[in-house]
S.K.: 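Sharing a structure here in structure tokens format.
Residue indices begin at 1 and follow the sequence shown.
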Amino acid sequence: MKGLYLLLLFKLIFQLPLTAQDVSSFVSMKLAFEKAPSDTAKLRILLTEKPLKYTSNSDEMLALYQQGYSIARRLNDQNARYKTVHYTAMIYLYGKLDEDAAYRWLQKSLVEAQAAHNNLFVGWVYYAMGIIHHHQGNRAEMYKAFYQAVGYMEKASDPVNGPFISLSHSLEEDRKWKEQLQINKRMVALMERTKVPVSEMLTAYNSLADALKHFPDEKRELAYYRSKVLAQLDRLSNASTIDPDLLLIIASI
């Protein structure tokens, strides 16, 4: 589990330099945004791609997100308002490497997420806040933010398991194994209930199996969830195409 967590964290933090194709992609996106026939089209172009793809174009992306936010306000599009502000925070965090500015923008994105009445959005904000507290060694605030994040994910119709995985890893670091086991069981129950994609289910089962290793009396349950992991791996191996990033996760497991 630790290897998987670090893999995912490194994927987010240590971005490789842009290739010529990436630069071309940014230029194409910017031109498409500028020439879009309507404000709705502009927002669709701007928000289709995740901000981490363009961290090497931080200043230009910040300017585009500012334009996007103005458009979203004019259209009264609450989802787009949240995304432009939240993506701005991500550019400050991973592009500008300015955690203080990123946190201020996350506070603004929390307001927008709550106004949109979207539990997934609110969960994402608390998750990002927790990551900043983790970077800065604020363990108490980190745990508070991560628990807020998983709480909102449990109320979302389309949850993701990232906050649970990060919280589980932190609890393992602090040898809080009972809490770790509990949070992993909550994650698996949520993932099963909402029928998430195979990749999300795979990492959830694997995380729970890792947490169970600290409980020698739970060998039967450990074996059960290991079999669940293998079953998900079989489902993925039978897929016609597998995302390269997912292959790295599979290799880690």
Side-chain angles (χ1 to χ4, degrees), residues 8 11-13 15 26 29-30 32-34 36 38-55 57-135 141-142 144-167 190 194 196-197 200:
L8 295 174
K11 175 178 168 55
L12 286 175
I13 298 175
Q15 300 294 309
F26 172 77
M29 184 274 292
K30 184 179 179 181
F33 175 84
E34 292 171 348
S38 68
D39 284 344
T40 301
K42 285 181 180 290
L43 287 177
R44 184 173 62 251
I45 292 167
L46 182 62
L47 301 176
T48 293
E49 305 253 23
K50 300 302 183 206
L52 296 186
K53 184 175 180 179
Y54 300 119
T55 50
N57 302 90
S58 297
D59 291 334
E60 292 173 287
M61 285 306 301
L62 290 173
L64 287 179
Y65 286 138
Q66 185 175 7
Q67 292 182 56
Y69 182 70
S70 296
I71 294 171
R73 287 189 63 185
R74 187 162 61 248
L75 297 178
N76 195 28
D77 186 333
Q78 291 181 314
N79 286 356
R81 284 177 58 155
Y82 159 76
K83 287 182 179 180
T84 52
V85 176
H86 190 73
Y87 288 3
T88 296
M90 293 300 97
I91 290 294
Y92 274 110
L93 181 57
Y94 294 112
K96 306 290 283 184
L97 302 180
D98 186 340
E99 293 185 339
D100 291 336
Y103 201 88
R104 290 194 297 271
W105 279 97
L106 286 172
Q107 290 174 318
K108 296 177 182 179
S109 70
L110 180 59
V111 174
E112 297 291 350
Q114 291 170 334
H117 303 289
N118 189 308
N119 291 319
L120 177 65
F121 291 171
V122 176
W124 270 119
V125 176
Y126 279 119
Y127 182 29
M129 287 178 168
I131 289 173
I132 291 178
H133 287 305
H134 179 273
H135 290 172
E141 292 300 317
M142 176 201 72
K144 183 178 178 180
F146 280 164
Y147 271 110
Q148 287 271 39
V150 301
Y152 276 97
M153 287 297 168
E154 287 176 318
K155 295 183 284 187
S157 59
D158 49 350
V160 295
N161 63 22
F164 290 90
I165 298 292
S166 295
L167 177 54
L190 175 64
T194 52
V196 297
E200 292 273 314

S.K.: Can you confirm whether V125 sits close enough to Y82 that some side-chain heavy atom of one is under 4.5 Å from a side-chain heavy atom of the other?
M.R.: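 Heavy-atom side-chain distance check passes, below 4.5 Å.
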
S.K.: Nearest 0.5 angstrom please: M61 CE to E49 CD, how far?
M.R.: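 The CD atom of E49 is 9.0 Å from CE of M61, to the nearest 0.5 Å.
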
S.K.: Could you tell me how the ring of F146 sits relative to the ring of Y127: parallel (under 30°), tilted (30 to 60°) or perpendicular (over 60°)?
M.R.: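 Tilted: the ring planes of F146 and Y127 meet at 30° to 60°.
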
S.K.: Check P159 against L120 and note the closest heavy-atom contact, atom names and distance.
M.R.: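 Taking every non-hydrogen atom into account, CA-CD1, 4.3 Å.
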
S.K.: According to the interplanar angle, ranging from 0 to 90°, do the rings of Y87 and Y65 count as parallel (below 30°), tilted (30 to 60°) or perpendicular (above 60°)?
M.R.: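 Ring orientation of Y87 relative to Y65: perpendicular.
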
S.K.: To the nearest 0.5 angstrom, please state how far the OG1 atom of T84 sits from the CD1 atom of I71.
M.R.: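 Atom-to-atom, T84:OG1 and I71:CD1 are 9.5 Å apart.
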
S.K.: When you measure from the centre of the six-membered ring of F33, is the NZ or CZ of K30 closer than 6.0 Å and no more than 45° off the axis?
M.R.: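 Judged by the rule, K30 and F33 form no cation-pi pair.
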
S.K.: Taking all atoms of both residues into account, what is the closest heavy-atom pair of M142 and G130, and its distance?
M.R.: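 For M142 versus G130, the nearest heavy atoms are CG-O, 3.5 Å.
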
S.K.: Taking atom CD of Q78 and atom CZ of F121, what is their separation to the nearest 0.5 Å?
M.R.: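 The distance works out to 10.5 Å.
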
S.K.: Nearest 0.5 Å, please: how far is CE in M129 from CD in E141?
M.R.: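 It is 10.5 Å, given to the nearest 0.5 Å.
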
S.K.: Hey, which of N57, T48, L64 is the one that makes side-chain contact (heavy atoms from CB on, under 4.5 Å) with M29?
M.R.: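 Single pass found, and it is L64.
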
S.K.: What closest approach, in Å, do L190 and M153 show between heavy atoms, and which atom pair accounts for it?
M.R.: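 In this case the closest contact between L190 and M153 is CD2-O, 3.7 Å.
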
S.K.: Considering all heavy atoms of both residues, which atom of E99 and which atom of H135 are nearest to each other, and what is their separation?
M.R.: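 E99 and H135 have their closest heavy atoms at OE2-ND1, 2.7 Å.
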
S.K.: From I132 CD1 over to L106 CG, what is the distance, rounded to the nearest 0.5 angstrom?
M.R.: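 The CG atom of L106 is 5.0 Å from CD1 of I132, to the nearest 0.5 Å.
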
S.K.: If we only count heavy atoms from C-beta on, is the L110 to V122 side-chain gap below 4.5 Å?
M.R.: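 Answer yes - side chains close enough.
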
S.K.: Please report the closest heavy-atom contact between R81 and Y69, naming both atoms and the distance.
M.R.: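 Closest heavy-atom pair between R81 and Y69: NH2-OH, 3.5 Å.
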
S.K.: State, yes or no, whether a side-chain contact exists between V150 and L167 at a heavy-atom distance under 4.5 Å.
M.R.: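 They are in contact (side-chain heavy atoms under 4.5 Å apart), so the answer is yes.
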
S.K.: For W105 versus A89, what's the shortest heavy-atom pair and its separation?
M.R.: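 Smallest heavy-atom distance, with atoms named: CB-CB, 3.6 Å.
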
S.K.: State, with a plain yes or no, whether a side-chain heavy atom of Y92 is found less than 4.5 Å away from one of L62.
M.R.: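 Yes; the side chains approach each other to less than 4.5 Å.
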
S.K.: With distance as the sole test, does S70 use its side chain to make a donor-acceptor pair with the main-chain N or O of Q66 at under 3.5 Å?
M.R.: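 Between the backbone of Q66 and the side chain of S70 there is a qualifying donor-acceptor contact (under 3.5 Å).
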
S.K.: Can you tell me how far OG1 of T88 sits from NZ of K108, rounded to the nearest 0.5 angstrom?
M.R.: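 K108 NZ to T88 OG1: 9.0 Å, rounded to 0.5 Å.
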
